[in-house]
Number of protein chains: 2
Amino acid sequence: MSRARILYVEDDEGLGFVTRDNLEINGFEVVHLDSGRVALQAIEAGELHYDLCLLDVMLPGVDGFTLARKIRERDQDIPILFLTAKSLEEDRLQGLRLGADDYITKPFSIEELLLRVEVFLRRNRVRPAALAFDPRHIGHYVFDAEQLQLTNRQANTARRLTRREAELLQLLSGRRETVLERAEILERIWGENDYFLGRSLDVFVSRLRKYLRADPRIKIENIHGVGFTLTVAE
Amino acid sequence: MSRARILYVEDDEGLGFVTRDNLEINGFEVVHLDSGRVALQAIEAGELHYDLCLLDVMLPGVDGFTLARKIRERDQDIPILFLTAKSLEEDRLQGLRLGADDYITKPFSIEELLLRVEVFLRRNRVRPAALAFDPRHIGHYVFDAEQLQLTNRQANTARRLTRREAELLQLLSGRRETVLERAEILERIWGENDYFLGRSLDVFVSRLRKYLRADPRIKIENIHGVGFTLTVAE
DNA sequence: TATCCCTGTTAACATCCCGTTTACGGAATG
DNA sequence: CATTCCGTAAACGGGATGTTAACAGGGATA
């Protein structure tokens with residue numbers, strides 16, 4: 001696997017620089033943005049993909065919570081860590097409800113930060129695509145990745161998916177409305193990327209389309225030469 | 001779906017009682033031990049399998065760190081949360097190095113505790129407050145795990161099971177409708193996992209199917225490459 | 001001690017399943 | 001209009017599973 005990419009949003013210039021530097025020394029690829037607004041744009045542009053988000057809560061303008069919410073809209077699986085000066089319980093709770101995965105209270109030591117980040121990425125790598133335990137709604141289907149089950153709520157029927165099918169649907173449905181590049185899908189699910197696996201991916205996409213055909217609002221669109229996007233029309 | 005099992009080590013009687021109570025109300029199965037020594041024995045006996053460990057750091061005799069180290073020797077993945085009165089960084093770091101996953105600083109609110117516990121269990125893919133099935137009624141059979149007896153209420157006949165058969169049936173029927181992975185079954189019943197034990201499991205599943213064949217609503221389904229699911233149709 | 005069950009494991013073989021690959025036609029691109 | 005990319009059905013092959021039977025060893029029994 002290539003180096004893990006971290007989105008780091010922090011307005012304190014000094015701290016931001018030091019932290020970024022330390023993360024990079026330890027082998028991470030860091031994109032450091034120094035304002036909530038810029039980060040919001042970057043997220044909404046939706047071009048880049050990260051393995052982990054590190055968000056300062058207190059940002060001028062757009063705060064960390066808002067960012068987290070936006071990130072979750074686009075990616076329901078990516079780990080989010082908050083950095084917060086306040087150790088106020090109310091803040092911690094709000095973050096956890098928003099789907100944050102952990103908190104680091106300022107001031108923190110670099111060593112602590114690294115330990116937490118590594119714990120996180122390690123856990124994420126061990127259990128690649130099977131994190132979601134909340135059944136996920138896709139049109140009038142309900143998809144339970146853990147149970148490898150796809151239920152048609154309308155017809156009240158269920159279908160068992162194979163592991164690969166579930167992994168792929170998990171990835172697609174966790175990032176709907178955004179373009180998932182072929183290379184990324186192949187890296188994440190197959191762990192490598194060659195011509196034949198690419199054809200395999202096409203076959204799986206075709207199968208998923210068939211399984212989801214009962215709801216015409218659901219589309220898995222191909223972007224020629226780039227990748228796929230799952231959308232659910234209103 | 002089984003309830004998540006939490007090992008909770010806490011010497012403060014009052015706090016321990018309240019916390020345990022709250023966890024149980026919220027659907028967790030809690031084993032509360034009130035001293036480090038007792039916990040150490042329990043861990044070294046290695047009989048029980050937990051989904052999460054909640055350890056007070058300050059314990060008379062054997063402290064939380066020592067426990068964590070022992071637990072990590074046996075299980076690399078199980079989430080460990082520390083409860084600590086001190087928010088000293090040195091303590092936090094030591095805990096993280098030992099493989100702790102998080103800290104909760106006393107005093108904590110029950111809501112915070114629950115949120116954190118749930119976040120961690122989610123990562124570990126255990127369903128927290130899921131309802132457990134009564135393992136004793138399976139279709140028109142009645143299963144007594146203690147007596148190793150399986151009674152067919154319709155035909156009014158009974159069959160004696162062997163211990164392994166009973167263990168497997170209890171696991172399957174207590175978690176019906178959910179995918180039980182081969183690895184987990186083998187870990188829980190055999191304590192280890194190799195090719196031959198896997199074949200052994202297949203043999204036992206086959207036997208159970210035969211014993212339960214009289215009720216066609218009962219199915220032990222295989223999910224190829226993943227595990228088994230016991231279902232009882234309406 | 002020899003013998004007999006009882007139980008869990010191993011062996012053997014048939015069958016099934018699923019990820020991959022092939023094949024071919026259509027679509028997109030420039 | 002040439003070339004590459006994609007959609008999908010079908011075939012393939014290797015590994016996973018189902019099932020029956022043989023086997024081994026331990027504890028009870030005589």
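Lettering follows sequence order; numbering is per chain, from 1.
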Of the nucleotides D:dG18, C:dT22, C:dT20, which one has an atom closest to the side chain of A:L197? C:dT20
Please tabulate, for side-chain N and O atoms in residues 184-193 of chain B, each donor-acceptor pair with protein atoms closer than 3.5 Å (sequence neighbours left out).
residue : atom : partner : partner atom : Å
B:E184  : OE2  : B:R175  : NH2          : 2.2
B:E184  : OE2  : B:R188  : NH1          : 3.0

Relative to the 5' end of DNA chain D, which residue comes earlier, B:R209 or A:Y195, by the nucleotide with the nearest heavy atom? A:Y195
Does A:F204 have A:R207 sitting over its ring (NZ/CZ under 6.0 Å from centre, angle to axis within 45°)? yes
To the side chain of B:F204, which of D:dG18, C:dG8, D:dC6 is closest? C:dG8
Carboxylate-amine/guanidinium contact B:E24 B:R20, below 4.0 Å: yes
Heavy atoms only, 4.0 Å cut-off, all strands: where does A:R182 land among base, sugar-phosphate and nothing? sugar-phosphate
Just compare C:dG8, D:dA9, D:dT19 and give me whichever is closest to any side-chain atom of A:V203. D:dA9
The helix from C:dT1-D:dA30 to C:dG30-D:dC1: angle between end helix axes, five pairs per end, rounded to 10 degrees: 30°
Taking the six-membered ring of B:F228 as reference, does the NZ or CZ atom of B:R182 fall below 6.0 Å from its centre and within a 45° cone about the axis? no
Does a nitrogen or oxygen in the side chain of B:K210 sit under 4.0 Å from OP1 or OP2 of D:dG18? no
Should the side chain of B:R207 and the base of C:dT9 be counted as holding a donor-acceptor pair, with the cut-off at 3.5 Å? yes
Is B:S206 close enough to D:dT19 that one of its side-chain N or O atoms is under 4.0 Å from OP1 or OP2 there? yes
Whole-Å distance between C:dT9 C1' and B:D194 CG? 11 Å
Separation of C:dC16 atom P from B:H224 atom NE2, nearest Å, is 13 Å
Short side-chain N/O contact to C:dG8 OP1/OP2 from B:W190, under 4.0 Å: no
Residues in ring pair (Phe, Tyr, Trp, His ring centres under 6.0 Å) with A:Y8, at least two apart? A:H32
Answer with yes or no whether B:R199 presents, from its side chain, a donor or acceptor under 3.5 Å of a partner atom in the base of D:dG18. yes
Using a heavy-atom cut-off of under 4.0 Å over every strand shown, decide if B:S200 touches base, sugar-phosphate, or nothing. base
What about B:F65 and B:F82, are their ring centers closer than 6.0 Å? yes
Is atom CZ of A:R153 surrounded by more than 12 heavy atoms (other residues, nucleotides or ligands) closer than 6.0 Å? no
Please report, rounded to the nearest Å, how far the P atom of C:dG25 is from the CG atom of A:D202. 18 Å
Applying a 4.0 Å non-hydrogen cut-off, can you work out what A:R163 is touching in the nucleic acid: base, sugar-phosphate, or nothing? sugar-phosphate
